[in-house]
Colleague: 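Input: one structure, supplied below.
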Amino acid sequence: MTTEIFIIQELERYLKSKGISGIPITLQKPKEEKFGDHATNIAMQLAGKLKSNPRSIAEEICNFIETGNQYIDKVEIAGPGFINFFAAHENLYEQLAKILLLREEYGRGEIGAGKKAMVEFVSANPTGPLTIGHGRQAVLGDTVANLLEAVGYDVKREYYFNNAGRQMRILGNSVYLRYLEVLGQKIDFPDDHYQGEYIKDIARSIYETYNDSLKNDQDNPIFKDQAEQSIFEDIKKTIHRLGFEFDIFYNENSLYETGKIDQVIQAMDDKGFIEKRDGATWFLTTKLGAEQDRVYIKSTGEPTYRLPDTAYHIEKIKRGFDLMIDIFGADHIATYPDVLSALEVLGYDISKITVLIHQFVTLTENGEVVKMSTRKANFVTLDELMEEVGVDVTRYFFIMRQMNSHLNFDLSLAKTQSDENPVFYIQYAHARICSILSLADSKDIPVDQKADLTNLKTTEETNLIKHLIDFPNMVESCALNYTPHRLSTYLFELATLFHKFYTECRVISDDMELTQARMALIDAARTIIANGLKLLGIAAPKQM
RNA sequence: GCCUCUGUAGCUCAGUGGAUAGAGCAGUGGCUUCCUAAGCCAUGUGUCGCAGGUUCGAGUCCUGCCAGGGGUACCA
């Protein structure tokens, strides 16, 4: 039982006694200390309903609920009718002890227990190395998955890809042309082909194996296949370096092989949403209120992305997930509504599908915008970025901003001023704690599980405790609202509170009781920082 | 044109319909016989793009407008 839960129960008891229902009880954390630890606006919400003024309702509530116990110290009415609750310290200590008991498990929840979730992200076709744009999506997807796991879901990370089609043909031909170049032929390399240096590397490795035996064999699948294999290997290495693995690589091609694509067309036709026109097959989205119809199969016989995507989502639904998350970049914002509406036409429940859109990363270096494109060669790869600034900084930068804001990644700043980065500030708090604990250890002062926590009385100490015990709420809120960036903000604030505590309160002193209590406190802080950083995929170093 | 994201301090950005809108960076000045100064403290900065509306209460929700990003292909 926490103070928060106690307050909510008391307020529910009050509403019940008045025979009121349908009023949501919301607690908020006041920004200022003088307004207590929790506040509710319920009196103001009730004012209209009870035809009374908020302050007198608030007074009635204050008299109704029990105070002076282990949960609430006192209650005050303020402003237009806020009821401010001051948490009893007893409960703070109780929650703090819980952190030390549960350790790595503290912050984990049960909301998703027994449910299966899948997060589909990155999903870049194997035409080139992962770029910084993919990096944001990779970190976002992995962190969302971590958060869902933390609240109990069984989560699969899935990468959907297509190794057929026009782009892949161009990729194969790009390799072929570079291969001819290796053979000393002068070639005319088209603009729409893949310009990157990695294409030349692949061509050279083909030359090393086959010499010039393929020079008149432009259509040999070896060019595309070698490129795909080599590029995919690199992509997997990059992902591994970023600190996670995909559970499933789902090949779009399998949907053709098993006839799933044809089944979608057939089913859509049965519902009357298909029409052949101008040699193409159309999805009649105008029947659903759209401005124009969309092409399913081009006159060349090739499907557009909508068709396989729809088949893929049907498969996802059939695989029995309770929650399906798609993560797309802003350039795909127009692609998913067609897929979802097709699923609805076919009678599938799309309420379990959540589409998260993230905005682009703008890369700047020396104040200038660096344009990124896979086909043109002037991109900075995710690998190069990690090389420059490290994995921890990379992950932190990508997660620290809300996903639908445009992320400005200042490369020169990340390179040259990385020691002023907030991620080091958080890691430093962790390292400092480890340092104190190891010093205590060398003096034969162990962390005592039975330390008397009521010795923690200063403002710095109680502020730190209050923030620490908010961690489970934070994790749950970040997971359910898909706001992973808030976890980074939370950890930054936690580090601030710890550094302030460190400055004001000496941990190891002659007062053994106080020393033990403070060691318990910093041990709890270390645990929360480590748990939080783990969710972000960032290391918690013991020393820096 | 239509759809969509964004607009908050000099810069980069937080901000769950609540109380006097915050942090980092940049600037200035201070703090270390003592557990890591990668730290702490002090100092100043706002037409929350503009105009209406809803509400007891709006940076937050709604409408319109302005500016920027991204879509609006028989590309993905």
Side-chain angles (χ1 to χ4, degrees), chain A residues 26-32 34-35 39-41 43-45 47-48 53-54 78-82 84 123-125 127 162 165-167 170 192 277-282 290-292 294-306 309 328-335 337 357-360 362 364 374 400-410 413 417-429 431-440 443 473 477 481 483 485-486 488-489 492-493 495-496 498-509 515 518-519 522 543-544:
Chain A
T26 51
L27 282 189
Q28 50 181 294
K29 292 195 187 305
K31 281 175 234 167
E32 287 194 54
K34 65 177 178 184
F35 296 136
T40 181
N41 59 356
M44 289 175 277
Q45 283 183 299
N53 74 73
F82 288 104
N84 296 326
S123 296
N125 288 337
T127 57
N162 177 16
R166 182 166 166 269
Q167 292 307 321
I170 292 175
D192 69 344
R277 194 196 307 156
D278 309 326
T281 303
W282 298 75
E291 278 182 30
Q292 47 187 314
R294 303 290 183 180
V295 170
Y296 260 167
I297 302 175
K298 298 187 251 177
S299 50
T300 60
E302 285 182 312
T304 62
Y305 63 85
R306 292 178 192 87
D309 257 29
F328 296 139
D331 54 337
H332 284 64
I333 200 156
T335 71
I357 302 286
H358 65 89
Q359 295 298 316
F360 278 0
T362 308
T364 56
T374 307
M400 72 194 287
R401 303 295 181 219
Q402 131 180 207
M403 70 180 83
N404 55 6
S405 87
H406 303 253
L407 176 62
N408 194 330
F409 201 114
D410 188 334
L413 190 78
Q417 301 189 10
S418 58
D419 56 326
E420 283 163 4
N421 195 286
V423 68
F424 293 119
Y425 181 81
I426 297 168
Q427 289 180 317
Y428 180 51
R432 260 186 160 174
I433 294 171
C434 290
S435 170
I436 298 168
L437 291 177
S438 86
L439 179 75
K443 291 185 174 182
N473 286 338
S477 156
N481 298 310
T483 50
H485 73 285
R486 284 208 183 148
S488 66
T489 309
F492 188 83
E493 288 164 355
T496 302
F498 169 75
H499 288 308
K500 282 182 181 174
F501 158 81
Y502 177 90
T503 307
E504 295 300 321
C505 306
R506 197 177 166 76
V507 176
I508 300 171
S509 67
T515 299
R518 285 182 172 168
M519 277 176 62
I522 64 169
Q543 55 186 16
M544 291 177 74

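Letters A, B, ... mirror the listed sequences (proteins, then strands); counts begin at 1.
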Colleague: Name the nucleic acid region contacted by A/A429, choosing base, sugar-phosphate or nothing; use a 4.0 angstrom heavy-atom cut-off, strictly under.
Modeller: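 It contacts nothing in the nucleic acid.
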Colleague: Could you check whether A/T304 gets within reach of a base, just the sugar-phosphate, or nothing at all, counting any heavy atom under 4.0 Å?
Modeller: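 Counting heavy atoms under 4.0 Å across all strands, the contact made by A/T304 is with sugar-phosphate only.
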Colleague: Would you find more than 12 non-hydrogen atoms of other residues, nucleotides or ligands less than 6.0 Å from A/Q28 atom CD?
Modeller: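 Atom CD in A/Q28 is crowded, with more than 12 foreign heavy atoms closer than 6.0 Å.
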Colleague: Distance check, P atoms only: B/C13 and B/G70, in whole angstrom units.
Modeller: 16 Å
Colleague: So does A/R432 get a side-chain nitrogen or oxygen closer than 4.0 Å to the phosphate oxygens (OP1/OP2) of B/A37?
Modeller: yes
Colleague: A/E291 has a side chain; which of B/C2, B/C75, B/G18 sits nearest to it?
Modeller: B/C2
Colleague: Measuring from the side chain of A/Q359 (C-beta onward, heavy atoms only), which nucleotide among B/C75, B/C5, B/A14 has the closest atom?
Modeller: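 So the nucleotide nearest the side chain must be B/C5.
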Colleague: Mind checking salt bridge (charged side-chain N to carboxylate O under 4.0 Å, His left out) for A/R306 and listing every partner two or more places apart, or none if nothing turns up?
Modeller: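 A/R306: salt bridge (charged side-chain N to carboxylate O under 4.0 Å, His left out) contacts with A/D338.
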Colleague: Go through the steps for A/H499 and A/R432 under the test side chain to side chain donor-acceptor pair (under 3.5 Å), then give the verdict.
Modeller: CA-CA 9 Å; A/H499 288 308; A/R432 260 186 160 174; 3.1 Å; yes
Colleague: Does the structure show A/F82 stacking with B/A19, if we require the centres to be closer than 5.5 Å and the planes to be within less than 30 degrees of parallel?
Modeller: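 Here the ring of A/F82 and the base of B/A19 are stacked, with centres under 5.5 Å and planes under 30°.
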Colleague: Under 3.5 Å, which N/O atoms of the protein pair with N/O atoms of nucleotides 10-12 of chain B?
Modeller:
residue	atom	partner	partner atom	Å
B/U12	O2'	A/R401	NH2	3.0

Colleague: Go through the structure and list residues passing side chain to side chain contact (heavy atoms under 4.5 Å, CB included) with A/E504, not counting sequence neighbours.
Modeller: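 Listed in chain order: A/E460.
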Colleague: Look at the side chain of A/N41 against the base of B/G18 and say whether a donor-acceptor pair falls under 3.5 Å; ignore hydrogens and angles.
Modeller: yes
Colleague: Counting only side-chain heavy atoms from C-beta out, which of B/C2, B/A19, B/A76 sits nearest to A/K298?
Modeller: B/A76
Colleague: Measuring from the side chain of A/K34 (C-beta onward, heavy atoms only), which nucleotide among B/A76, B/C74, B/U20 has the closest atom?
Modeller: B/U20
Colleague: Using OP1 and OP2 only, check whether a side-chain N or O of A/Q402 sits under 4.0 Å from B/G15.
Modeller: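 Checking A/Q402 against B/G15: at least one side-chain N or O falls below 4.0 Å of OP1 or OP2.
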Colleague: The side chain of A/Q292 lies closest to which of these nucleotides: B/C35, B/C40, B/A73?
Modeller: B/A73
Colleague: Nucleotides 59-61 of chain B: which of its N/O atoms have a protein N/O under 3.5 Å away?
Modeller:
none

Colleague: Base, sugar-phosphate, or nothing: which does A/N162 touch, judged by heavy atoms less than 4.0 Å apart?
Modeller: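 Counting heavy atoms under 4.0 Å across all strands, no contact is made by A/N162.
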Colleague: So if I take every side-chain heavy atom of A/A39 and compare against B/G24, B/C56, B/A19, which nucleotide ends up nearest?
Modeller: B/A19
Colleague: Are A/Y425 and A/F492 an aromatic pair, judged by ring center distance below 6.0 Å?
Modeller: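 Centroid distance A/F492-A/Y425: below 6.0 Å, so yes.
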Colleague: Looking at B/G18, B/C74, B/C40, which one has an atom nearest to any side-chain atom of A/S299?
Modeller: B/C74
Colleague: Counting N and O atoms only, with roles assigned by atom type, does the side chain of A/T515 sit under 3.5 Å from a partner on the main chain of A/S509, one being a donor and the other an acceptor?
Modeller: yes
Colleague: Can you tell which of B/A19, B/U20, B/C35 lies closest to the side chain of A/V507?
Modeller: B/C35
Colleague: Please check the phosphate of B/A14 (OP1 and OP2 only) for any side-chain N or O of A/S405 closer than 4.0 Å.
Modeller: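 Indeed, a polar side-chain atom of A/S405 lies that close.
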Colleague: Counting distance only, does the side-chain N/O of A/T40 pair as donor-acceptor with the main-chain N or O of A/T26 below 3.5 Å?
Modeller: yes
Colleague: Across the strands shown, which category fits A/D331 at heavy-atom distances under 4.0 angstrom: base, sugar-phosphate, nothing?
Modeller: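 Touches a base.
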Colleague: Using 30° and 60° as the class boundaries, would you call the ring planes of A/F501 and A/F498 parallel, tilted or perpendicular?
Modeller: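 Taking A/F498 first and then A/F501, their aromatic rings sit tilted (interplane angle of 30° to 60°).
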Colleague: State whether the side chain of A/N84 and the backbone N or O of A/A39 hold a donor-acceptor pair below 3.5 Å, judged by distance alone.
Modeller: no
Colleague: Counting side-chain heavy atoms from C-beta on, which of B/C5, B/G1, B/C35 comes nearest to A/I508?
Modeller: B/C35
Colleague: Look at all strands and tell whether A/N84 reaches a base, only sugar-phosphate, or nothing, counting heavy atoms closer than 4.0 Å.
Modeller: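 The residue A/N84 makes base contact.
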Colleague: Looking across every strand, which nucleic acid part, if any, lies under 4.0 Å from A/C434 by heavy atom: base, sugar-phosphate, or nothing?
Modeller: nothing
Colleague: Rounding to a whole Å, what distance do you find between A/I426:CD1 and B/G39:P?
Modeller: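 That distance rounds to 12 Å.
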Colleague: Please confirm whether the backbone N or O of A/V423 pairs with a side-chain atom of A/N421, one donor and one acceptor, at under 3.5 Å?
Modeller: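 Side chain of A/N421 to backbone of A/V423: a pair is present.
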Colleague: What's the closest nucleotide to the side chain of A/R294 if the choices are B/A73, B/G18, B/C40?
Modeller: B/A73
Colleague: Pick the nucleotide of RNA chain B nearest each of A/M400 and A/E504; which residue has the one closer to the 5' end?
Modeller: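 In this pair, the answer is A/M400.
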Colleague: Look at the side-chain N and O atoms of A/Y502 and state whether any lies under 4.0 Å from the OP1 or OP2 oxygen of B/A37.
Modeller: yes
Colleague: Applying a 3.5 angstrom cut-off to the pairing atoms, does RNA chain B sit in any stems of at least three consecutive Watson-Crick or G-U pairs? List them by first number.
Modeller: B:1-7 with B:66-72, B:10-13 with B:22-25, B:27-31 with B:39-43, B:49-53 with B:61-65
Colleague: For a quick check of understanding: with a heavy-atom distance under 4.0 Å over all strands, which category does A/A47 fall into, base, sugar-phosphate or nothing?
Modeller: nothing
Colleague: Under 3.5 Å, side chain of A/W282 to main-chain N/O of A/R277, donor-acceptor pair present?
Modeller: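 Such a contact is found between A/W282 side chain and A/R277 backbone.
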Colleague: For A/D331, give me all partners under side chain to side chain contact (heavy atoms under 4.5 Å, CB included), at least two apart in sequence or on another chain.
Modeller: A/F360
